[in-house]
*Asks:* 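Before I ask anything, here is the structure I am working with.
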Amino acid sequence: MKQTQRTKLGLAGVVAIGALLGTTALTLSASPVWAEDQKPASEASKQKDAGQDFFTKPQSVTSNGSVTVHGAHIEYQAVSGTLIVHPKGWDDSASADDEKDKKPGAAASIFYIAYFKKGAAAENRPITFIYNGGPGSSSVWLHMGAFGPKKVVTADDAHTPAAPYSIVNNNDSLLDVSDLVFIDAPGTGYGRLTGTDKEKAFFGTDADANAFTDFIAQFLSRYGRYNSPKYLFGESYGTTRSAIVANQLADDKGIDLNGVILLSQILNYDNDIDAAQMNPSVDQPYVLSLPSYAATAWYHKRLPTQPADLKTFLQEVEHFALTDYTSALQDGNAITPEKRDAIAQKLHDYTGLPVDYIKKADLRVNGGEFEKTLLGDKGIDTGRLDSRFSGPTMDQLAQYPYYDPQSSAMSSAYIAAFNDYARNSLHYGNSPAFGNGYQEYKFFSDAIMKWDFSHKQPNTDFPIHNAVNVLPDLASAMKHNTSLKVMLNQGYFDLGTPYFQGIYEMRHLPVSYDLSKNVQIVQYESGHMVYAHQDSLAQLHDNVAKFITSTYKPTSAAK
């Protein structure tokens, strides 16, 4: 899920809405056990030190559970905890007595929840690292909505009523094919940032990717999973992160992945439709978002003529977008009045927006304008992350919506469900070693407002400070490991990362034709959070499960 915030950020527009210190061993038991020493401390100073240690030393709590997935009963052990990572270049051999170490260096305690199937041999049991995006989002959305053993029940395309919420067995959990590790981004979840310049050390494209790379390498070592088939699953900004991490794991850590699974992709931020008007002469975002506009208008029945079949209709729109529409936008101010009128009429036919409005927009309608205008005559805004959703407009005279109806519709359910599940089932969030025994789970950080979007692409000497483009990173990972497979999953009704944008990016990966065959692309009749639609979640599970089981070969020696 992307952190939703309508701003005029020049670079990202709206990117709104996943062997270091410590030697604590994993403890597996039916009741919660804190990995740190729990000796009573009566003195206030010792209590303060214990609280500080909580965020500077690895923690873990174990519990047991079971889930039934497509008729299969699976017993698992859940480990909830933190690992400590440091900024790139950190030297673990430096003496604590050195002058430079008198002030504590920046560190991040990264919170995770791992699920291990009982009785499975590590070499024959895949492990998938799962995270959302933001930047600055926890992984609660994929955890409680998609692949964890428990999920929260939400309404399909409307606001979910207030508590109590239903937390049920997740029939579509990926635990039937893989162990799962849900990772919260630095500064979110139960993890915290500490030390000097802590936000600068982790709130940035490359800094964030380095933290995740180190976390994964450390996790594999601590839990003996180096010889397991390994996968990344990132959503939204998590796809940006995955491209960098996949390459860093291979290039810096010598860790090859079996697969990279992407959901709601954005790899080149020049394609962002939210702030396309701030980048004149780059018309590509308008071209790539048009099919998602058309899908949204189709869903809300705002088209002058309603096509019977969505997929056939979208194929027609995609062709128009890449041909006549692209040609018209490339003409710029030199476009003839006749051509301008013809294109405006065609855009009306495909989006339902008024012809006069399209002309006033110079044939270029950005994401916020579309969301505001499609149902504007009814005083309704459409959702951004999932345009099947809609809600009352805050200001009928505004150019953009002030909120995302989809985010408002389900965020409360996820937040309530996870807080209940974490404390009552996972037994995390109430450690007696921390303060008064209460910890806040942070679903988002304020990272987006402080993010350093500069990025050093592979085989370059310095970072680039314009729009982030990690296509070279994913290409480099695929060249390092020519057996690496990539899967892209997309929702037709996603206006945050339009599906045709992802297709276009994959078609322009700088890899050979043969390597491009390693990429698989699947669409769903859902939005950014594909799993918010139950039928789409079932399809997503089946497709991802098939992808995982087809991209590794079990060893005959494993039992």
Side-chain angles (χ1 to χ4, degrees), residues 10-15 239 264-298 303 307 310-336 339-355 357-374 382 384 387 466-469 471 488 490-510 521 523 527-528:
L11 175 59
V14 180
V15 187
T239 64
S264 305
Q265 170 179 305
I266 179 165
L267 301 186
N268 180 356
Y269 279 74
D270 270 327
N271 292 327
D272 182 18
I273 188 57
D274 285 308
Q277 77 281 2
M278 301 180 71
N279 201 12
S281 81
V282 178
D283 290 320
Q284 197 162 279
Y286 303 104
V287 172
L288 301 181
S289 65
L290 181 60
S292 291
Y293 291 174
T296 303
W298 176 89
L303 298 171
L310 175 62
K311 294 181 181 179
T312 301
F313 172 55
L314 292 180
Q315 289 174 358
E316 177 184 331
V317 178
E318 291 169 12
H319 177 75
F320 168 78
L322 291 178
T323 54
D324 293 351
Y325 187 38
T326 295
S327 173
L329 297 183
Q330 290 292 306
D331 286 346
N333 293 334
I335 190 172
T336 65
K339 188 174 183 179
R340 177 185 176 88
D341 289 346
I343 295 298
Q345 181 61 50
K346 202 67 174 175
L347 289 173
H348 166 72
D349 295 341
Y350 286 150
T351 68
L353 299 181
V355 171
Y357 181 86
I358 293 170
K359 288 183 177 180
K360 288 179 182 178
D362 197 24
L363 308 180
R364 297 163 175 85
V365 178
N366 69 24
E369 291 166 342
F370 178 81
E371 296 150 23
K372 184 71 181 175
T373 307
L374 181 68
T382 59
R384 173 178 175 269
S387 59
N466 56 359
V468 176
N469 187 338
L471 289 171
L488 171 57
Q490 308 167 289
Y492 288 124
F493 307 113
D494 178 5
L495 299 182
T497 58
Y499 81 90
F500 200 47
Q501 167 191 300
I503 294 174
Y504 186 89
E505 289 176 348
M506 285 304 188
R507 288 176 180 174
H508 290 79
L509 265 177
I521 304 177
Q523 280 92 38
H528 193 77

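All residue numbers refer to positions in the sequence shown, counting from 1. All heavy atoms count here, side chains included; hydrogens, waters and symmetry mates do not.
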*Asks:* Closest approach of Ala328 and Leu363, non-hydrogen atoms and distance?
*Replies:*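 Scanning both residues, the minimum pair turns out to be CB-CD1, 4.5 Å.
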*Asks:* Regarding Lys339 and Asp331, does a basic nitrogen lie under 4.0 Å from an acidic carboxylate oxygen?
*Replies:* yes
*Asks:* Quick one: sort the Phe370 and Tyr293 rings into parallel, tilted or perpendicular, breaks at 30° and 60°.
*Replies:*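 Correct class here is parallel.
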*Asks:* What's the separation between atom OH in Tyr357 and atom CD in Glu369, rounded to the nearest 0.5 Å?
*Replies:*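 Between atom OH of Tyr357 and atom CD of Glu369 there are 4.5 Å.
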*Asks:* Can a donor-acceptor pair be found between the side chains of Gln345 and Asp341 at a distance below 3.5 Å?
*Replies:* no
*Asks:* Between atom CG of Asp274 and atom OH of Tyr269, what is the distance when rounded to the nearest 0.5 Å?
*Replies:* 11.0 Å
*Asks:* To the closest 0.5 Å, what do you measure between CD (Gln315) and NE2 (His319)?
*Replies:*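 With rounding to 0.5 Å, CD (Gln315) is 11.5 Å from NE2 (His319).
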*Asks:* Between Tyr499 and Pro291, what is the shortest heavy-atom contact and its length?
*Replies:* OH-CB, 3.2 Å
*Asks:* Determine whether Ile521 and Ile503 make a side-chain contact, defined as any pair of heavy atoms from C-beta on separated by less than 4.5 Å.
*Replies:* yes
*Asks:* Would Arg340 and Asp362 count as a side-chain contact (heavy atoms from CB on, under 4.5 Å) here? Give the steps.
*Replies:* CA-CA 9 Å; Arg340 177 185 176 88; Asp362 197 24; 3.1 Å; yes
*Asks:* Mind jotting down which residue pairs meet the salt bridge (charged side-chain N to carboxylate O under 4.0 Å, His left out) criterion with at least one end in residues 493-510? Sequence neighbours excluded, please.
*Replies:*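 Residue pairs with at least one partner in residues 493-510: there are none.
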*Asks:* Whether the side chain of Arg384 engages the backbone of Gly368 through a donor-acceptor N/O pair (distance < 3.5 Å, no angle test) should be reported.
*Replies:* no
*Asks:* Determine, stepwise, if the pair Leu347 / Val365 fulfils side-chain contact (heavy atoms from CB on, under 4.5 Å).
*Replies:* CA-CA 10 Å; Leu347 289 173; Val365 178; over 6 Å; no
*Asks:* Determine the minimum heavy-atom distance between Tyr350 and Leu303, stating which atoms define it.
*Replies:* O-CD2, 3.3 Å
*Asks:* Evaluate Leu322 against Val287 for side-chain contact (heavy atoms from CB on, under 4.5 Å), listing each step before the verdict.
*Replies:* CA-CA 7 Å; Leu322 291 178; Val287 172; 4.2 Å; yes
*Asks:* Which heavy atom in Thr351 sits nearest to a heavy atom in Ile358, and how many Å separate them?
*Replies:* OG1-CD1, 4.3 Å
*Asks:* Nearest 0.5 Å please: distance from the CD atom of Glu318 over to the CG atom of Leu288.
*Replies:* 10.5 Å
*Asks:* Show your reasoning for whether side chain to side chain donor-acceptor pair (under 3.5 Å) applies to Asn271 and Gln501.
*Replies:* CA-CA 7 Å; Asn271 292 327; Gln501 167 191 300; 5.5 Å; no
*Asks:* Start with the C-alpha distance between Ser292 and Phe500, add both sets of side-chain angles, then the distance that settles side-chain contact (heavy atoms from CB on, under 4.5 Å), and finish with yes or no.
*Replies:* CA-CA 8 Å; Ser292 291; Phe500 200 47; 5.9 Å; no
*Asks:* When you measure from the side chain of Ser264 to the backbone of His528, do you find a donor-acceptor pair of N or O atoms at a distance under 3.5 Å?
*Replies:*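 Judged by distance alone, yes, a pair lies under 3.5 Å.
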*Asks:* What closest approach, in Å, do Asn366 and Ile273 show between heavy atoms, and which atom pair accounts for it?
*Replies:* CB-O, 3.4 Å
*Asks:* With distance as the sole test, does Thr296 use its side chain to make a donor-acceptor pair with the main-chain N or O of Phe493 at under 3.5 Å?
*Replies:*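 Not at all, since once roles are kept as given, no pair shorter than 3.5 Å links the two residues.
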*Asks:* Atom CG of Asn279 and atom CG of Asn466: how far apart are they, to the nearest 0.5 Å?
*Replies:* 9.5 Å
*Asks:* Within this structure, what is the CG-NZ distance for the pair Asp324 and Lys346, rounded to the nearest 0.5 Å?
*Replies:*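 Here the rounded value is 8.5 Å.
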*Asks:* So which heavy atom on Ala344 is nearest to which on Lys359, and how close?
*Replies:*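 Between these two residues, the closest heavy atoms are CB-CG, 3.9 Å.
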*Asks:* What residue pairs, at least two apart or across chains, pass salt bridge (charged side-chain N to carboxylate O under 4.0 Å, His left out) with a residue in residues 280-291?
*Replies:* Asp283-Arg364
